[in-house]
Amino acid sequence: MTTTSPHAPLQPLGASHARWASGFWGAVQQRTFDTSIEAMWESLSDPTVSPGLRNFRVAAGLEPGEHDGPPFMDGDFYKWLEAAIARLEVAPDPVLAARVDELAHLIASVQREDGYLHTPTLISERAARTGEEAAVALADRFHFETYNLGHLITMGVRHYEVTGSEVLLNTARGAASFLEDLATNKPVELARSAICPSHYMAVLELYRATGEERYLRLSEAFLRVRDDFEEGGDDNQDRIPVREQKVVAGHAVRANYLYAGLADLVAETGDEELTAVLTNLWDDVIDTKLYITGGCGALYDGASPDASPWQQDISRVHQAYGRAFQLPNTTAHNESCANIGMILWSERMLAATGDARYADVIEQIAYNSLLAGISLSGREYFYTNALRQVRDLPYELRRPGDTGQHPVPAPPASDARLRESYLSCFCCPPNTVRTLARFHERAASLSPEGLFVHQYGGSELSVEQDGAALSLREDSDYPWSGRIAFTVTAATGVLPLHLRIPGWVAGATLTVAGEQHPVSEPGSYTRIEREWSVGDEIILDLPMPVTVLRGNRLAEEVTNQVAVRRGPVVYAIESADLPADVLLEQVAVRRGTVFTPVQTEIAGTRLVALEADLAVLPATPDALYGELDDAPLATISTRLVPYFTWGNRGAGEMSVWLPIAW
């Protein structure tokens, strides 16, 4: 999270100044604290389910054994700890605090003197004392050491900020010292291992927490080492120097983490050239590669066809951004970590620019692909987030247990893409949980221009600046209703308030203390400056008609199809809401269809569905091609549900995009 950076005028508010006290996000955060964090701990601490805790105990010599699980498991354990620490900050709990403290000392106890901490290697080194051959650090880039160390540093900084303990802060310092030595003495090894570069963001968090300039210099060294690397490829965005990159390519998680880290760097340095590069790259994603749900990274595997005309120089891509407008639906990858990475990148761009379009994209991801990655119970997770699920798929899709090195067979296609409580490739679940546990940090920011409110959904905000103070309570049913009411609960002096007018809205209205106030254009912030009084009401009304959207002519898979959105929420149709004799591919939207919002529930969660009369197309042929049936189209009454709720009623088919019946 960006804080007090000289070139990032918007400073996100932490838990002491912003929290989700009610409403939509209040309920999501409470579910995260009460259910997701505890259920995930049950998995991580149970060796019959996960090696997450056991690997550290084995590395510490507390029990015998070998390393188990993927090499990035350490980082995923740290992400869970970050979520638990966030809960302690918002809702202190002595039992959880004692558990976190015990784990902090366990993690610190296994760190090598040079700062290296990676349980697969450390367990091997311990075994070598009895004559076995020891593993070598950085021997394989897919051991993810720098990824693990980055998440260790980030978690260690948060632990210090919330608890005041320096146990993990010192561990973070040690990890940064190891990376510092690599940057100085083994730059090639560092560059080769710098995949999923969480360490870019991490060392800048350490810099802000300690004020020690060596960590800022280290972040600059990461970029220099990457740009000097001569063995890279598009998969890891290191084929060409960052400043020469014009389009986003390769592994979507690695891309988004890299650019988020670089956005952190320019917040400290004000590097205008690098800022322009990042702005152009972000625009490339938003304009040509972002799914309507906010999903990132369309492709499972492929080649990088535009890297070189020479086949031997074409690098592979994996879980990757494809070409512009290459957005398949059934096979869409959209790894949950990539979608979260786009939130991390966008919030840093928002802090640096104050441009509301970055907050719009965070909202788009949050209400759609982010929440789709976790079940409504808060216990099960998606690794991939497709926009269409169909029966009898004649090929297997990559499963969460496939790290790209050891494929895991898929279950029958009819059972594909059901959320699971534990995934053998466990990077996405704790990433989702830590993002939701800290989502209050995305609610608002403070700048020299005043208080900026970015996200709506039940916040309480309290800030002070230059002798002025303002506290607000939000009462709303957003995103189901567009009426957002803020009440001033405390005020001193004049502190300007800026409310985001979402880019999707038209005709927004605003009243302040009963008087009409002008509203700026969509995709901007409306400024309100006055001497506040306790009890003042600020009512922002965002009309929420249902919008039927089409895709660009170059987005082949959605040609002559439409998607339905209401407010920030994208909708989908599920086979659970269709008559038994109507198949998913037969359902179509006529021009002029009226969609009626209705209150309902799925899995005990209140939501707004959309009821409509939709057309029924003739059945498609069993053969590859067949003649068009000219029989009259039938009509059914059915409903669409928010995309993030799909798959919570058992296995079935689903689609965001529907054909048009002219």
Side-chain angles (χ1 to χ4, degrees), residues 1-5 8 12 72-83 85-86 104 107-108 111 114-118 138 143-162 166-183 190-191 193-226 236 253-269 337 340-341 343-345 347-348 351 427 430-431 434-435 437-438 441:
M1 182 181 68
T2 305
T3 55
T4 60
S5 299
F72 44 79
M73 189 73 225
D74 290 2
D76 303 335
F77 191 75
Y78 301 146
K79 282 183 281 188
W80 174 83
L81 260 173
E82 187 181 334
I85 291 164
I107 291 167
Q111 187 173 37
D114 64 355
Y116 180 78
L117 206 170
H118 182 61
L138 306 180
H143 286 175
F144 291 88
E145 282 116 314
T146 57
Y147 164 88
N148 284 347
L149 292 172
H151 283 299
L152 170 64
I153 294 169
T154 298
M155 183 271 296
V157 169
R158 288 300 296 144
H159 184 253
Y160 167 69
E161 291 174 339
V162 172
E166 296 191 8
V167 172
L168 287 177
L169 181 66
N170 290 333
T171 306
R173 289 178 184 271
S177 294
F178 177 78
L179 294 171
E180 195 173 40
D181 180 68
L182 291 179
L190 173 59
S193 298
I195 60 174
C196 267
S198 63
H199 55 297
Y200 279 61
M201 293 177 279
V203 298
L204 286 164
E205 295 284 8
L206 187 58
Y207 165 64
R208 293 169 186 141
T210 64
E212 295 182 30
E213 193 163 316
R214 60 184 289 196
Y215 302 126
L216 174 58
R217 302 283 83 85
L218 179 56
S219 69
E220 294 173 327
F222 289 160
L223 178 56
R224 182 176 64 254
V225 165
R226 170 177 285 269
N236 198 43
V253 183
R254 297 170 195 170
N256 291 349
Y257 275 33
L258 169 65
Y259 302 135
L262 294 177
D264 256 343
L265 179 59
V266 299
E268 304 301 332
T269 65
C337 283
I340 291 165
I343 290 178
L344 298 174
W345 183 9
E347 69 182 347
R348 285 157 171 79
C427 56
N431 212 5
R434 72 162 181 156
T435 302
R438 298 184 63 177
E441 296 169 12

Nearest non-hydrogen partners of [X] and [Y], listed with the distance:
X      : Y      : result
Ala202 : Gly150 : CB-O, 3.1 Å
Ala191 : Val225 : CB-CG1, 3.5 Å
Asn148 : Gly75  : OD1-N, 2.9 Å
Ala176 : Leu206 : CB-CD2, 3.7 Å
Trp345 : Ala263 : CD1-CB, 4.4 Å
Glu213 : Tyr207 : CA-CE1, 3.9 Å

Atom [atom1] in [X], atom [atom2] in [Y]: separation rounded to 0.5 Å?
X      : Y      : atom1 : atom2 : answer
Met155 : Ile85  : CE    : CD1   : 6.0 Å
Ile340 : Thr435 : CD1   : OG1   : 3.5 Å
Leu117 : Tyr78  : CG    : OH    : 4.5 Å
Leu149 : Thr171 : CG    : OG1   : 11.0 Å
Glu180 : Leu182 : CD    : CG    : 10.5 Å
Arg348 : Tyr259 : CZ    : OH    : 15.5 Å

Chi angles and distances behind the side chain to side chain contact (heavy atoms under 4.5 Å, CB included) call for Asp114, Asp181: CA-CA 9 Å; Asp114 64 355; Asp181 180 68; over 6 Å; no

Side chain to side chain contact (heavy atoms under 4.5 Å, CB included) between Leu216 and Leu265, intermediate numbers included: CA-CA 8 Å; Leu216 174 58; Leu265 179 59; 3.9 Å; yes

Aromatic ring pairing Tyr147/His151, orientation class (parallel under 30°, perpendicular over 60°, tilted between):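 Tyr147 and His151: perpendicular rings.
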
Pairwise side-chain contact, Ser219 with Glu268, heavy-atom cut-off 4.5 Å (strictly under):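 Not touching, per the 4.5 Å side-chain cut-off.
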
pair Leu262-Leu223: side-chain heavy atoms closer than 4.5 Å: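 When only atoms from C-beta onward are counted, Leu223 and Leu262 do touch, with a gap below 4.5 Å.
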
Can a donor-acceptor pair be found, under 3.5 Å and without considering hydrogens, that links the side chain of [X] to the backbone of [Y]?
X      : Y      : answer
Asn236 : Ala194 : yes
Thr146 : Ser193 : yes
Glu145 : Leu138 : yes

Is [X] salt-bridged to [Y], going by a charged N under 4.0 Å from an acidic O?
X      : Y      : result
Glu220 : Arg224 : no
Lys79  : Glu82  : no
Glu441 : Arg158 : yes

Side chain to side chain contact (heavy atoms under 4.5 Å, CB included) evaluation trace for Leu168 with Ile107: CA-CA 8 Å; Leu168 287 177; Ile107 291 167; 4.1 Å; yes

For Phe222, ring-ring contact (aromatic ring centres under 6.0 Å, His included) partners two or more places apart: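 Listed in chain order: His199, Tyr200.
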
By side-chain contact (heavy atoms from CB on, under 4.5 Å) - contacts of Ala83 (at least two apart):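 If we apply the side-chain contact (heavy atoms from CB on, under 4.5 Å) test to Ala83, skipping adjacent residues, the hits are Ile37, Val433, Arg434, Ala437.
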
Residues Tyr215, Arg173; criterion side chain to side chain contact (heavy atoms under 4.5 Å, CB included); working and verdict: CA-CA 9 Å; Tyr215 302 126; Arg173 289 178 184 271; 3.6 Å; yes

Donor-acceptor side-chain pairing of Tyr160 and Asn170 below 3.5 angstrom: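 Judged by distance alone, the side chains do not pair up.
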
